[in-house]
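See structure below.
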Amino acid sequence: MGDSNYKHEEIEKKWQKFWQENQSFKAENEKSGTKEPFYVLDMFPYPSGAGLHVGHPLGYIASDIVARYKRHVGYNVLHPMGYDSFGLPAEQYAIQTGQHPAKTTEQNIARYREQLDKIGFSFDWDREVRTSDPEYYNWTQYIFLLFFNSWYNPDSNKAENIQTLISRFESKGSEGLDTKNSEPFSAQQWKGFSEKQKQDTLMNFRLAYLSEAFVNWCPALGTVLANDEVKDGLSERGGYPVERKKMKQWSMRITAYADRLLQDLEDVDWNENIKEIQRNWIGKSEGTGVRYHLTPNPSPQGEGDGWRTTSKDVNGDSRNEKKLDEGNGWRTKSEDSEGDSYENRNDEDNNVVNEIDHNQFYTTDGQLWNILIEKAKSMRTNPTKAEWILWQNIRNCALGHKFRRQHIIDRFIVDFACLSKMLVVEVDGDIHDLQKEEDEIRSSILSKHGFKVIRFRNEEIINQTNKVISQIKQELESLPTSYPNIQSHNTRIIVSEKKENYSKNEINSEKGEQNINPIKTDNSYTSPNTQDSSSPTNEINSEKGGQNINPLKTDNSHLTPNTQDSSSPTNEINLEKGEQNINPIKSDNSHLTPKTQDSSSPLSLRRGAGGEVIEVFTTRPDTLFGVSYLTLAPEHDLVLKITTPDRRSKVEAYIEYAKSRSERDRQTEVKKITGEFTGAYVTHPFSGEEIPVWVGEYVLAGYGTGAVMAVPAHDERDFAFAKHFGLPIKQVIEAPEGWDINKEPWCEKQGKVFNSDFLNGLEVKEAISRMIEEIEASYIGEGKTNYRLRDAVFGRQRYWGEPIPVYYKDGIAYPVAEKHLPLILPEVDKFLPTESGEPPLGRAGNWNYNPDKGVVANGDGYPLELTTMPGWAGSSWYFFRYMDAKNPTEFADRNALDYWKNVDFYVGGAEHATGHLLYSRFWTKFLFDIGLVGVKEPFKKMLNQGMILGESAFIYRADGENKLLSKNQVHNKKTHLIRVDLSVIDDAHNELNIEKIKKHPLYQDYKDFEFVTESNGKFIVEREVEKMSKSKYNVVNPDDICHEYGADTLRMYEMFLGPIEDAKPWSTKGIEGVYKFLRKLWRLFYNEQEEFYLSEEKPNEKEFKTLHKTIKKVTSDIESLSFNTSVSAFMICVNELQELKCNKRQVLEPLLILLSPFAPHICEELWEKCRHHGGISKVTWPEFKEEYLTESNITYPISVNGKTRAQITVPATAGKDEVEKLVLANEIVQKWMEGKTLKKFIFVPGKIVNVVV
RNA sequence: GCCCGAGUGGUGGAAUGGUAGACACGCAGGACUUAAAAUCCUGUGACCUUUAUCGGUUGUGCGGGUUCAAGUCCCGCCUCGGGUACCA
């Protein structure tokens, strides 16, 4: 009989055809009988030009085993496959060869399909999808539009249609929402907004939105590069310089989902380590923001270490504190008349003030901003009656616009300011009659800043409130709305409405250093005599004379050590004589920042000396007193604004340098410490110390606020930086005995706090919460939760991706109408950026949009978006499309979605943990929120297959000689390695086939070389494990294996290689064993006459035991995804049956069913030979019966002191005492116990006996 | 750097805290054969001892620890792989 040999190729073709013709694996979208649905999904393959290599099928085989197993145990199984067919490699290839990526993609897919078919997967090919197919990306674009038309409502904690946001704006303005980069606004204001203003505002809320983000820009290539396309600041392709550049980009607001993405990890059955990777990626951290105010003057101590302490005498204690007017409870306007704006201090009669001013001037100039703020707060808590009345009428957008009270503008505290209308309302006390001139100057300065100032008198407000209000209203309406790019933290501090008693904040400085206690200064301000703690007098003098007092101008370079502190007025005036500039801010810029001066954003107008605020986020507020410097990311907006002139060139050079550095490098090269001192200082919010501000590349712009407060004593990176630049290390947390804080930072979150004023004596944990309380109470910051997760960039400057369905009218982005989807990817002449640096779609001639007609020729409509979607767009939702893959009217029918729900079992690589697996979860949650799907998570259970690596082969060539050396013939010769293709070696024996290499076209250069072999005549190659890749000539193609050994062998061998989750190099060594196993199995069904023969006899005990042992092992192994051990179990089973010469139907048929998920073709064939029809794939799984495994005797290993010495066989029912007796009587045991006494007898029933002596 | 994972014979790997190395490859020896292939049988971590048995010692990346008992648990390292935000 000719078929007694196992002919894999013939059999496999036959059954692949059978499955296809009978639609054996077609899934039905409805409940059929008692079958439950089960959805098995594979990682979406990208069809690369190299074809499928042996690493790809690893996961597919595992999932196929599960899918086939689930069919046997009675499920309706959905097991689809398709292609993630947009992507960079095809585009790269297109650029190089000019071939259209659609064409190469088509070819690659055809090849993938052919390869996949050969392996015998049970896919339902009717449901195939391709992301590059317009019928598919129609729905990707549709979902994009849903994102675009949605916002995240923090109140309902879910995504909602943008219409609900618009209604909300119409009824209550921006109240209750973080307006991000723009000012809060009222409902009336919203209604008055222009279309552009409205759209810009909505853009801050849309879940798909345009924003600025940093990218790797390569000017020479005119494109943006991925981090791995950049090596050492140069593009991998071409070697051109690459820089970090801010660019307008489409993004997805995944951060809105950060907390839910974190929380819902609890509900999925994934590996703990993948969950951990996602948790870390989301990076939730609890901490607090802390705002540091720039000192108004550059700190003068100039060069050197950039460190200075506030050592000058403050005399703060000498200030008299004047009580509030006790009569009526209101602060009187006259009381603060000199305090709220320093021009008032130009009171020549007030010598005392002047004198104090001088004194203060030398001491506290660095505190001005701080003092103003504290002053403002104090005034807020103690309003005059008129102020109070007015405030009640204008607060909470009562007039349709947000007002702030006691707001700092320039160096004034104005009474009320509406920033969106640039209107200032001042309330004049009696004293203002006496100083009209000063008021005019003040108004003039404010108007230079773009503010309109209107004034009311106390009694006007008190007696004619309504008239005043309507006057203000009129002013508001007449003024245009402005959108100052205000950093919200800059103003928030003034806006805060908390009524706190500050007295608890009293801070005493340590070590006799002077402490500027902002809180105390508050009170001191109420005293006319002592209030003038900063430099105003001198300022006013100069202003009167038309001098520009520009404290920032006080270059360090001008200063001698003796006059270092002084923004000394004398110097100023001399320097500025004759300049006649009364706008200190403008002159700041003109002087300090020639390059940015023209960037006259409203912010820069409003920025006063010291007005800048650096906000940091810290998780260790307990170490606040240990801060010795701040570090800004080189990209931080403030860097150039605060840098002093003498530092400018260095800082600029540093920023340039940092641009050339990738984020990866900046994080990795931790030993390379770089940075520059900006020359600027901030004031410590509690100690009042001046703290230098540095720039350092170790701070990344995208993390937190892009600024850190450095505590070298308790943070590794800060420590390294401080050591490198000689900055002070101030320990504030107790380290263990003997810990040298100057050698190593103490970073553990434990220990007692010291040197920290009110935190002294607290444990770290207590100190953290206490400090947050203090920070909040003092308006220095707010406790908050920070996420490391950043919004996901959703646009790429590439051709081969889904077009983003957006067009631009008057510079505003509008969605393409749904009826015009899909927006088909246009044809272009080249797949390169345009000459002007636009993305490739800029080359398309028909790429305009008419809202009625759809896509039209350029010039006939509005320009369409030119960037395309990233690779992860199409793969973020494909699992839903498979449920109803051909639906032409919906992305999937709701009944199908509800039937399949989510993926029951997903197999994918752990390398996607922070990409695909997170984005898919994000999109699923979004689709859930807007009611399109009924599940919150895409993948219930997941298996992460490890990567299969390649084993590259090399031969040695002797340098300068025409000789190739076998591995052990190199000796001490100088050689270099030549990569060789795996086709010219014997993989199992690492032996080079010299004849083959001489004929191989790649190696014609070497055909006449001398091949120096080993003494046995073999030429051995060098091997090295690398990623499997075409360019490394180490790709092993599954086709070759299928041809030689068959798909069943390939399937089982890939499973046999080891645990599916481990990465491992591919090696064909060992495949023989699996092949041999299948042939052995085949022969069990044939008799000695080589005829197919099964005995109908009842199996004996041993045969049943072998079978049921295997049923048990294989079933539990599949359930626990341990496929390698089930292959071993099959081998053991077949070996045993062969030894038993078992050919009984009752044993062999169940075995075929067990094996069929692993090796389906051979099992189908034998099953058919067993006279069954209709295929094995849906036959019921064999039932395991415990009774066949029960043993009457147990053999115990006996160890003495933990080492196995003997064995003993006892009845299974034997108890401890019985066993102990037998064991102690054992000859070998006695030998080992000789002369020793029994200490303990350990008996683990069914397991082991341990005798301890 | 940071986060996650992995290190066990010549090789892939097995082992609910309970006889380390199952199963397979490779290698060696043998059977069958004119021969080869195929197939079957035996041996195979290292070291020591022995004619051979019988034995013994040691052994799961390195250094410590917990336990009657550690590849497995804990602490500190080393090496390799994956991810690190535009590769998929």
Side-chain angles (χ1 to χ4, degrees), chain A residues 5 43-46 48 84 86-89 92 213 215-216 223-229 249 271-281 283 663-671 698 702 716-717 788-798 801 870-872 875 909-916 918 944 946-947 949 988-989 1025 1027 1053 1056-1059 1061-1065 1067-1074 1076-1077 1079-1080 1083 1122 1124-1125 1127-1132 1135 1138 1195-1199 1201-1207 1239-1242 1244 1246-1253:
Chain A
N5 286 328
M43 191 158 66
F44 215 14
Y46 174 78
S48 85
D84 187 13
F86 272 134
L88 285 187
Q92 206 51 48
V215 294
N216 299 315
T223 193
V224 174
L225 300 172
N227 272 338
D228 22 321
E229 294 175 293
Q249 300 272 353
N271 250 336
E272 199 47 44
N273 55 44
I274 294 284
K275 292 188 186 182
E276 194 62 21
I277 292 173
Q278 289 209 347
R279 284 189 197 110
N280 291 330
W281 185 258
E663 278 196 7
R664 187 88 49 87
D665 290 342
R666 284 165 59 174
Q667 288 170 88
T668 308
E669 295 170 22
V670 82
K671 283 183 184 136
Y698 79 98
E716 292 277 357
R717 291 168 317 165
R788 206 180 70 95
L789 183 71
R790 317 205 286 244
D791 277 342
V793 172
F794 197 69
R796 296 189 309 181
Q797 316 274 311
R798 310 283 182 156
W872 55 272
S875 60
E911 70 271 20
H912 296 102
T914 57
H916 169 58
L918 198 62
N944 302 108
M947 196 175 267
L949 304 164
H989 302 91
V1025 173
K1027 237 179 181 173
Y1053 181 59
F1056 186 59
L1057 273 176
E1061 308 204 65
D1062 293 357
K1064 54 188 80 74
S1067 158
T1068 318
K1069 297 168 194 157
I1071 198 165
E1072 285 286 346
V1074 172
K1076 234 184 257 180
F1077 155 77
R1079 284 182 306 201
K1080 266 188 207 173
R1083 266 196 317 279
S1122 173
N1124 56 328
T1125 49
V1127 176
S1128 298
F1130 283 122
M1131 288 174 170
I1132 293 167
N1135 286 348
Q1138 183 185 291
T1195 300
Y1196 282 101
I1198 299 161
S1199 34
N1201 285 343
K1203 291 203 183 284
T1204 311
R1205 299 296 179 187
Q1207 290 199 336
K1239 262 195 198 160
K1240 212 172 181 183
F1241 186 85
I1242 302 208
V1244 185
K1247 287 280 178 201
I1248 201 169
V1249 172
N1250 191 9
V1251 181
V1252 187
V1253 295

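By convention in this document, chain letters (A, B, ...) are assigned in the order of the sequence lines, proteins followed by strands, and residues within each chain are numbered from 1.
- Taking every side-chain heavy atom of A:M1131 into account, B:C23 is the closest of B:C23, B:G56, B:A85.
- If you take atom C1' in B:A14 and the same atom in B:G7, they sit 16 Å apart, rounded to whole Å.
- Ring orientation note: the planes of A:H916 and A:H912 are nearly perpendicular, at an angle over 60° on the 30°/60° scale.
- The phosphate of B:A88 (OP1 or OP2) has a side-chain N or O of A:R796 nearer than 4.0 angstrom.
- Across all strands shown, the partner of B:G7 is B:C78, judged by Watson-Crick or G-U wobble contacts whose two distances both fall under 3.5 Å.
- For B:A70, there is no paired base (Watson-Crick or G-U wobble, both distances below 3.5 Å).
- Rounded to whole Å, the C1' atom of B:G10 lies 24 Å from the corresponding atom of B:C78.
- The nucleotide B:G21 finds no pairing partner, because no Watson-Crick or G-U wobble arrangement with both distances shorter than 3.5 Å includes it.
- At a cut-off of 3.5 angstrom, counting only N and O atoms as typed in the model, there is a donor on one side and an acceptor on the other between the side-chain of A:Q667 and the base of B:G1.
- Ranking B:G18, B:G1, B:A24 by closeness to the A:N1135 side chain, first place goes to B:A24.
- In the set B:U57, B:C86, B:A88, B:A88 carries the atom at the smallest distance from any side-chain atom of A:H912.
- Side-chain atoms of A:R798 lie closest to B:C86 of the nucleotides B:C23, B:C86, B:U19.
- Taking atom C1' in both B:A6 and B:G56, one finds a spacing of 35 Å when rounded to whole Å.
- In this entry the base of B:G10 is anti relative to its sugar, with a glycosidic angle more than 90° from 0.
- Put simply, A:K1247 has no side-chain N or O that comes within less than 4.0 Å of OP1 or OP2 on B:G18.
- Checking the phosphate oxygens (OP1, OP2) of B:U57, no side-chain nitrogen or oxygen of A:K1203 falls inside 4.0 Å.
- For A:N1124, a side-chain nitrogen or oxygen approaches OP1 or OP2 of B:A14 to under 4.0 Å.
- Pairing of B:C2, defined by two Watson-Crick or G-U wobble distances under 3.5 Å, is identified with B:G83.
- Of the candidate nucleotides B:A85, B:G13, B:U39, B:G13 has the atom nearest to the side chain of A:K1064.
- Comparing B:A46 with B:G9, their P atoms are spaced 12 Å from each other, to the whole Å.
- Comparing B:C68, B:A88, B:A85 against the side chain of A:I1242 picks out B:C68 as the nearest.
- Here B:A85 is the nucleotide among B:C4, B:A85, B:C87 with the atom lying nearest to any side-chain atom of A:R664.
- Within the nucleic acid shown, A:T668 comes within 4.0 Å of at least one base atom, counting heavy atoms only.
- Comparing the P positions of B:A37 and B:G30 gives an interatomic distance of 14 Å, to the nearest angstrom.
- When Watson-Crick and G-U wobble pairs are counted only if both distances are under 3.5 Å, B:A46 pairs with B:U57.
- OP1 or OP2 of B:A85 has at least one side-chain nitrogen or oxygen of A:N227 nearer than 4.0 Å.
- Using a 4.0 Å heavy-atom cutoff across all strands shown, A:I1198 reaches no nucleic acid atom at all.
- Pair assignment for B:A14: none, as no Watson-Crick or G-U wobble contacts are both less than 3.5 Å.
- Picking from B:C68, B:C40, B:A85 the nucleotide with the shortest atom distance to the side chain of A:R1083 gives B:C40.
- Closest approach to the A:P1059 side chain among B:G13, B:G82, B:C4 is made by B:G13 (side chain taken as heavy atoms from C-beta onward).
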Exercise. Could you give me the CA-CA distance, side-chain angles and deciding distance for A:R279 and A:E272, then say whether salt bridge (Lys or Arg N to Asp or Glu O under 4.0 Å) is met?
Key: CA-CA 10 Å; A:R279 284 189 197 110; A:E272 199 47 44; 3.0 Å; yes

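- When Watson-Crick and G-U wobble pairs are counted only if both distances are under 3.5 Å, B:G29 pairs with B:C41.
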